[in-house]
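Letters go in sequence order (proteins before strands), and every chain restarts at 1.
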Protein chains: 2
Amino acid sequence: MRIITTPTLKEAISVVHDALNQKKVLILVGKCTVQYKGRARSTLSLGDRILIIKRDGAVLVHRPTGYAPVNYQRSGCIFYAKLEEDRLKIEAIDQKHKEYMKIFFSEITLVACLDLRDPGEFALYATEEDIRRAILANPEMLEEGFKPISIEKEVEPGFIDICGLDKNDNLVIVELKRKKADKTAVTQLAKYVNDIKKRSRRVVRGILAAPSITKDAHILLISLGLEFKKINIKACMESLRKTEERKITEYL
Amino acid sequence: MRIITTPTLKEAISVVHDALNQKKVLILVGKCTVQYKGRARSTLSLGDRILIIKRDGAVLVHRPTGYAPVNYQRSGCIFYAKLEEDRLKIEAIDQKHKEYMKIFFSEITLVACLDLRDPGEFALYATEEDIRRAILANPEMLEEGFKPISIEKEVEPGFIDICGLDKNDNLVIVELKRKKADKTAVTQLAKYVNDIKKRSRRVVRGILAAPSITKDAHILLISLGLEFKKINIKACMESLRKTEERKITEYL
DNA sequence: AATTAAATTTCGCCT
DNA sequence: AGGCGAAGTTTAATT
């Protein structure tokens, strides 16, 4: 781990070499120009930027504004760095995709070779309750003509997420999963459907609603005569958001 | 400009406040967790990351690998930063898009408040010669049935980029521009077309081929009975790349 | 590996 | 400011 502020180019390149050789993360801040050639071509004239080279060989050049990097390379690059007259030159070559980028630093504010450990897990999700509220607010999200019933009172099986009637007045039992549904979700749904079938002379359909489903679970689901409905998390959140806005508007 | 390595959380938050108040660029490296709620929701458990907050209120959280940020906010956020027990909490709120993100740092390796100036211009382009070679290699790119002629010998007007025959055997004069075409490009093309018309009894069409065209130029173009063909720079580069690969293959 | 579809797509151009 | 379409899109899922 080496961090130097306002280093000379010579000091800087030593840190750069360390980072590249040891596959650590490099941050370089300073005045630079960038050239790119590959699927397209680009040039970027002199200015202050933040360069990040990651362990996997991904490269980002960021300007002081804007979400997107002005120049980048995807992971898998190989690098050459050297001192050239009064500039530090870094080449990033993506041989596989035939993409080539070079950066010339003429002045460096900060160079850092970082040993970052990141075992953390990233989870993108909506809660089951989010999905439930979204479907109740916008039942067509589940199926055209779907009408939820008695969501307030918990019926005896106790843990049915949503039940309702389809456009043909068949009973529909919905099991929700906030992430990829597995076999346990299918058996759970099957149990509820069977319970209800015993007590009703209606046709009873079972729908497993989730962002995705494992292959095994889907095979089991079909063999049991049940159905899968893919839920779009983003659409759920959008729907909820609109509902909330509507609620606010109704109060104005 | 303040840069501190392994600061205490107290030292760090002072730099964070400086950066946010003075609308400078903030870089924070350390152990953190992230939560996001907006169009979707996400959580990210503890790990080493690089946080960048830009002048325009854009936020990036980068892990040690991967091109894309694991969490982000678009420009226009407002921020709240405070010390909370033994964590530094930063909230980034995008009121306009109703996106909310919070980051909790428990350990900081590096904090930097940077005054970056970037007047540089970014230009994405293909050279005129690139475009020419691409069209000659793949004439349908210009128009279905287009056949280039005599590109080797420079004809008298001298500076015609490409000429050829369309599927109806009409003469076609092509003027290339590597970036947005303006009125001068149109008058240039008009001149060549008129020159050729005087010497030929064929129908002579004039096509201005460029990535885009100014409104004024397009109006003038139409009034002169000329045509515009939008050129996709990426498609040109892809075409060239394939041609080069083919050439190599032919030698094997 | 190649192709397709979705993305917290982002980004620019036009209305 | 909102809507549409392209992007050095990226990324995940599927064939």
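Taking the C1' atom of each, D:dA7 and C:dA7 are spaced 13 Å apart, rounded to whole Å. The same atom, P, is picked in C:dT10 and in D:dA12; the two are 15 Å apart, to the nearest Å.
Among residues two or more places apart in sequence or in another chain, the side-chain hydrogen bond (donor to acceptor under 3.5 Å, both in side chains) test is passed with B:T127 by B:D130.
Taking the side chain as every heavy atom from C-beta outward, B:V70 and A:D118 never approach each other to under 4.5 Å. Side-chain atoms of B:P69 and B:V61, non-hydrogen and from C-beta on, never get closer than 4.5 Å to each other.
By the 4.0 Å N-to-carboxylate-O rule, B:E143 lies too far from B:K229 to be salt-bridged with it.
In this model, a donor atom of one side chain and an acceptor atom of the other lie less than 3.5 Å apart for A:E99 and A:Y36. Side-chain N/O atoms of A:N71 and A:S42 include a donor and acceptor closer than 3.5 Å. Side chain to side chain, A:T184 and A:D182 meet the donor-acceptor criterion of an N or O pair below 3.5 Å.
Figure legend. C:dA5 is base-paired to D:dT11; pairs are counted as Watson-Crick or G-U wobble with both atom distances under 3.5 Å.
Where A:I213 and A:Q73 meet DNA chain D, the nucleotide closest to each residue was compared, and A:Q73 sits on the side nearer the 5' end.
Note on A:F122: a base of the nucleic acid sits closer than 4.0 angstrom, heavy atoms only. Residue contacts shown for B:K180 are absent, as no nucleic acid heavy atom lies under 4.0 Å away. Within the nucleic acid shown, A:R74 comes within 4.0 Å of sugar-phosphate atoms alone, with no base atom in reach, counting heavy atoms only.
The CG-C1' distance, from B:N232 to D:dA6, rounds to 8 Å in whole Å. Spacing between atom CD1 of B:I231 and atom P of D:dA7 amounts to 12 Å, rounded to whole angstrom units. To the nearest angstrom, C1' of D:dT14 lies 14 Å from NE2 of A:H218.
Here NZ of B:K31 is found 7.5 Å from OG1 of B:T109. Values are rounded to the nearest 0.5 Å. Taking CG of A:D115 as the reference point, atom CZ of A:R55 lies at 7.5 Å (rounded to 0.5 Å).
Within residues 43-72 of chain B, the residues having any heavy atom under 4.0 Å from DNA chain C are, by residue number, B:V70, B:N71, B:Y72.
If you walk DNA chain C from 5' to 3' and mark each nucleotide with an atom closer than 4.0 Å to a heavy atom of chain A, the marks span C:dA7 to C:dC11.
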